[in-house]
Structure formats: structure tokens, C-alpha cells
Amino acid sequence: VAGPCDWDWAVDPALAGARELRPGLWRLRLPWAWEGVDHVNAYLLSDGVTRMVVDCGPAGHPTNDEAFDRALGEAGTSIEQVDHVVLTHAHSDHCGQLVRLKARAGPQVWLQPDTAHVDEMILEPERSSARRAHRARLEGAPDCELPWFGDVREEHDGIGQAVRGEHRLDEGDEICSPLGPLKVLHTPGHAPSQIALVQREQGFAIVGDTICARFSPYFDYGYSADPVGEALESLARLGELGDIALALPGHGRPLTNLPKVVRTHQRGMSVVSSRVRDAVAAQATGAYDVARRAFGTPPTPFTTFAYTNLAACALRHLRLNGEVVRDEDAEGRFRYRAAGCAP
Ligand SMILES: [Zn+2]
């Protein structure tokens with residue numbers, strides 16, 4: 001995730017909770033102080049002897065720690081008892097508690113290693129902030145809004161250390177979990193490090209932020225060739241899982257209709273693409289302005305960032321498809337136009 005945040009990370013720990021979805025499979029619902037996203041899910045897999053958490057919620061304020069401990073407590077365990085941590089992807093709301101888990105429990109940590117999309121903000125915050133602001137300027141953001149675009153506090157404060165683990169996960173790997181083997185699908189798009197974990201025998205899959213009940217796309221821009229194209233491929237792969245009874249997303253309720261939710265996201269992405277295509281056809285302009293034309297006037301600084309980021313990702317995909325061309329004006333700012341239209 002990325003973008004501006006004008007508040008601190010305090011949450012009400014009383015909003016944290018745990019629910020057992022299947023024997024030994026718990027949803028940990030963790031409150032999060034983020035605009036439009038009030039919680040994130042982690043999952044606990046336990047056979048009473050070995051305890052594995054998949055994702056571990058946000059950090060940045062002591063109340064985040066209290067919330068995590070409270071949810072684990074409701075599931076009958078504690079942070080010291082966690083043996084394994086698997087990350088679905090390296091976003092702050094999914095890996096915030098990792099530093100504390102490492103200090104308190106010394107777990108084995110498993111993750112897909114393409115974590116440059118957050119490492120840079122943690123290891124070189126000034127440089128990555130300047131890079132983000134510069135990119136927003138090229139896309140037509142006004143100077144007064146560049147600090148919003150350059151804000152890296154979410155990653156810097158919310159993760160704390162570069163995200164590292166003992167075990168590198170790649171496509172096709174299997175993790176031995178307390179509830180049986182978890183097969184790893186690399187499903188980039190939302191984040192380069194995004195994976196899904198499939199437990200065939202019990203018919204569940206942990207899908208991270210590739211899908212959730214509500215279509216609300218976000219893609220990390222600038223760390224892979226074509227985030228939208230990658231996300232579309234990842235959606236197709238989740239759709240092919242077919243007979244999975246329970247899909248467990250990073251946000252929102254468990255999904256019992258995976259193919260239908262996947263189709264909703266595919267349709268949603270095609271609406272995003274066609275709106276961006278129409279906006280570009282109406283006027284050659286940068287992603288900042290394309291976003292306003294395609295998705296409406298953003299009501300808040302955060303939505304300004306989110307819309308512009310989404311437009312930039314969609315424009316990148318359309319350029320690679322040969323549908324959109326990017327020119328530069330005299331000051332180097334980008335102008336997108338429909339392929340075939342004169343500049
Ligand atoms: Zn995420």
C-alpha cells in the first residue's frame with residue numbers, strides 16, 4: 001500500500017477478535033486505522049501443538065500490539081506460542097507484527113522474496129519519498145499535493161524493518177502446516193510478493209489481497225512490468241481453483257463463492273480499463289487528470305493517491321497492449337493519448 005496518512009495508527013483493541021472457521025482454522029480480525037479499510041485478517045492454523053499464523057496484522061502503535069495479542073488470546077494461544085509465520089505479501093497491514101513476533105517467539109518465517117516494493121520505503125525513506133513525489137509530478141499532480149504522494153510513513157512506521165524470512169516461497173512450493181500441506185501459488189498484481197496458499201484436502205485457500213467481497217483494486221506501481229496484467233493472470237488462476245469451498249481474503253469475510261467473486265473482479269477490471277481508455281480518448285493528459293475523468297473527483301488526499309495510482313497502472317497495461325501511447329510535454333510531464341490519434 002502507499003500514500004498519505006494524516007492520522008496515527010491507534011486502534012481500539014476491543015475490536016480485535018477471533019473466530020474458528022473450521023477445527024483449528026481461525027480468522028483473526030485485526031482493526032486497522034486506514035481510510036476506507038477498518039480491519040485486516042490474519043489466520044491461525046493450529047493442531048494444538050504447532051501454531052502457524054498466516055499474516056500478522058498492522059503495527060505502528062501499542063494498540064496494534066494489544067489487538068493482535070487479544071485476537072490470538074481469543075483463539076486460545078499467545079504470541080510466544082507462534083512457531084511459524086507465513087506472509088501472503090509484504091504490505092504493512094499484513095506483516096506489521098513481524099518484528100515483534102521475531103523478538104517474542106522466534107518463529108520460522110516464510111515469504112515470497114520480491115519485497116522491494118516495501119523494502120525501499122523502510123531502508124531509504126527519503127529517496128523513495130522523493131521518487132514517488134517526482135513520479136506524481138510527471139503524472140500531472142500539482143506541486144501542493146506532491147507531499148501526499150511522497151508520504152512513506154505507512155510502510156516506514158508500520159513495518160519497521162526490511163521484511164525478511166528464513167524460507168523463500170516460490171510458485172509450486174509446499175508448506176507443511178498444522179492443517180496439512182499448503183500449496184503456494186505466486187499471484188502478483190496487488191503486490192509483487194503476493195501469494196495464495198491452497199489446502200486441497202480441506203478445501204480452503206488463503207488468497208491475500210488478490211480478491212475480497214468488495215471490488216477495491218490496488219496495485220503496487222513501479223516494481224513489476226505490468227501490475228494490472230499480472231493481477232488479471234492471478235485472478236484467472238484463482239478462478240481455476242474451482243472447487244475450493246472456502247477462500248480466505250486479507251480483508252472482509254470468508255468467501256464461499258470463489259469463481260463468482262473472481263468474475264466480479266475481472267468485470268471490475270474491465271470497467272476500470274474502459275473508463276481509462278475513454279478518458280484518454282477524450283483528452284491527452286497525465287494519469288492524475290485521467291484518474292479524475294475516469295473515476296470522478298477524489299474526495300480526500302488518500303483517494304487522490306489511490307485513483308491516480310490505479311489510473312497509472314491501467315495506463316501502463318493499455319500502453320503494453322498497444323492501445324495507448326505516452327508522450328512528454330516540454331517539461332517532461334506525461335501525456336497519454338489513444339494509439340492512432342495524432343499527438
Ligand atoms: Zn495488501
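Values below: every heavy atom of this structure, side chains too, minus hydrogens, waters and symmetry copies. Residue numbers run from 1 in the order of the sequence given.
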Can [X] and [Y] be counted as having a side-chain donor-acceptor contact under 3.5 angstrom?
{"X": "T300", "Y": "T303", "answer": "yes"}
{"X": "E154", "Y": "S92", "answer": "yes"}
{"X": "D209", "Y": "H94", "answer": "yes"}
{"X": "T297", "Y": "R292", "answer": "no"}
{"X": "E139", "Y": "Y221", "answer": "no"}

How would you list, by chain and number, every residue that makes a ring-ring contact (aromatic ring centres under 6.0 Å, His included) with [X], sequence neighbours excluded?
{"X": "H265", "answer": "F215"}
{"X": "Y307", "answer": "F295"}
{"X": "H39", "answer": "none"}

H89 ring center within less than 6.0 Å of H117 ring center:
no
Sub-6.0 Å ring centroid separation between F302 and W148:
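No, the ring centres sit 6.0 Å or more apart.
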Side-chain heavy atoms of [X] within contact of [Y], under 4.5 Å:
{"X": "D69", "Y": "S78", "value": "no"}
{"X": "D114", "Y": "H186", "value": "yes"}
{"X": "V163", "Y": "L87", "value": "yes"}
{"X": "D83", "Y": "P107", "value": "no"}
{"X": "D170", "Y": "V184", "value": "no"}
{"X": "L248", "Y": "R27", "value": "no"}
{"X": "R19", "Y": "L21", "value": "yes"}
{"X": "V53", "Y": "L72", "value": "yes"}

Can we say D327 and R337 salt-bridge, meaning some charged N sits less than 4.0 Å from an Asp/Glu carboxylate O?
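Answer for the salt bridge query: yes.
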Is there a donor-acceptor contact under 3.5 Å from the side chain of [X] to the main chain of [Y]?
{"X": "Y43", "Y": "P249", "value": "yes"}
{"X": "E331", "Y": "R333", "value": "no"}
{"X": "S129", "Y": "V152", "value": "no"}
{"X": "N41", "Y": "G252", "value": "yes"}
{"X": "Q97", "Y": "P58", "value": "yes"}

I need the full list of side-chain hydrogen bond (donor to acceptor under 3.5 Å, both in side chains) pairs touching residues 277-287, with sequence neighbours left out, sorted by first then second residue.
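Only R277-E323, Q283-R293, T285-D289 qualify under side-chain hydrogen bond (donor to acceptor under 3.5 Å, both in side chains).
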Give every residue pair that meets the salt bridge (Lys or Arg N to Asp or Glu O under 4.0 Å) criterion with at least one member in [range], sequence neighbours excluded.
{"range": "residues 117-128", "answer": "D119-R164, E120-R127, E120-R131, E124-R127"}
{"range": "residues 176-192", "answer": "none"}
{"range": "residues 255-267", "answer": "none"}
{"range": "residues 52-65", "answer": "D65-R100"}

Hey, what do you get for [atom1] ([X]) to [atom2] ([Y]), rounding to the nearest 0.5 Å?
{"X": "L30", "Y": "N64", "atom1": "CG", "atom2": "CG", "value": "9.0 Å"}
{"X": "S273", "Y": "L318", "atom1": "OG", "atom2": "CG", "value": "5.0 Å"}
{"X": "S177", "Y": "L182", "atom1": "OG", "atom2": "CG", "value": "4.0 Å"}
{"X": "L185", "Y": "Q194", "atom1": "CG", "atom2": "CD", "value": "10.5 Å"}
{"X": "M269", "Y": "T264", "atom1": "CE", "atom2": "OG1", "value": "13.5 Å"}
{"X": "F219", "Y": "S224", "atom1": "CZ", "atom2": "OG", "value": "10.5 Å"}

Can you list every pair that meets ring-ring contact (aromatic ring centres under 6.0 Å, His included) and has a residue in residues 49-78, with sequence neighbours left out?
none
Would R237 and E171 count as a salt bridge (Lys or Arg N to Asp or Glu O under 4.0 Å) here? Give the steps.
CA-CA 12 Å; R237 297 195 65 201; E171 172 66 29; 2.7 Å; yes
Could you walk me through whether Q108 and V85 pass the side-chain contact (heavy atoms from CB on, under 4.5 Å) check?
CA-CA 6 Å; Q108 295 290 301; V85 179; over 6 Å; no
All side chain to side chain donor-acceptor pair (under 3.5 Å) counterparts of S46, not counting sequence neighbours
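Partners of S46 by the side chain to side chain donor-acceptor pair (under 3.5 Å) criterion come out as none, since no residue qualifies.
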List the steps, then state whether side-chain contact (heavy atoms from CB on, under 4.5 Å) holds for L315 with V276.
CA-CA 7 Å; L315 286 163; V276 167; 3.6 Å; yes
Are Y223 and L138 connected in a single hydrophobic cluster, I mean Ile/Leu/Val/Met/Phe/Trp/Tyr linked by side-chain heavy atoms less than 4.5 Å apart?
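The answer is no; the residues belong to distinct hydrophobic clusters.
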Following the transitive rule for hydrophobic clusters with a side-chain heavy-atom cut-off under 4.5 Å over Ile, Leu, Val, Met, Phe, Trp and Tyr, establish whether V262 and L241 coincide in one cluster.
yes
Compare every heavy atom of A284 with every heavy atom of R335, then report the nearest pair and how far apart it is.
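What the structure gives for the nearest pair is CD-O, 3.6 Å.
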Minimum-distance pair of heavy atoms, taken over all atoms of A33 and D8:
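So the two residues come closest at CB-O, 3.7 Å.
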Checking side-chain contact (heavy atoms from CB on, under 4.5 Å) for the pair L169/V86: CA distance, chi angles, key distance, verdict?
CA-CA 9 Å; L169 294 176; V86 184; 4.0 Å; yes
E166: which residues meet the salt bridge (charged side-chain N to carboxylate O under 4.0 Å, His left out) condition with it, sequence neighbours left out?
none
Output side-chain donor-acceptor pairs under 3.5 Å for residues 197-208, partner residues at least two apart or in another chain, one line each.
| from | atom 1 | to | atom 2 | distance (Å) |
| --- | --- | --- | --- | --- |
| Q199 | OE1 | E201 | N | 3.2 |
| Q199 | OE1 | Q202 | N | 2.7 |
| Q199 | NE2 | P181 | O | 3.1 |
| Q199 | NE2 | E201 | OE1 | 2.9 |
| R200 | NH1 | D243 | OD1 | 2.6 |
| Q202 | NE2 | L179 | O | 3.1 |

Is H167 atom NE2 crowded by more than 12 heavy atoms from other residues, nucleotides or ligands, each under 6.0 Å away?
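Buried by this count: over 12 neighbours within 6.0 Å.
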Is atom CD of Q161 surrounded by more than 12 heavy atoms (other residues, nucleotides or ligands) closer than 6.0 Å?
no
Criterion side-chain contact (heavy atoms from CB on, under 4.5 Å) on H84 and T50, from CA distance to verdict
CA-CA 8 Å; H84 300 273; T50 304; 3.8 Å; yes
R132 to F149 six-membered ring, cation-pi geometry met (6.0 Å, 45°):
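Verdict for F149: no cation-pi partner in R132.
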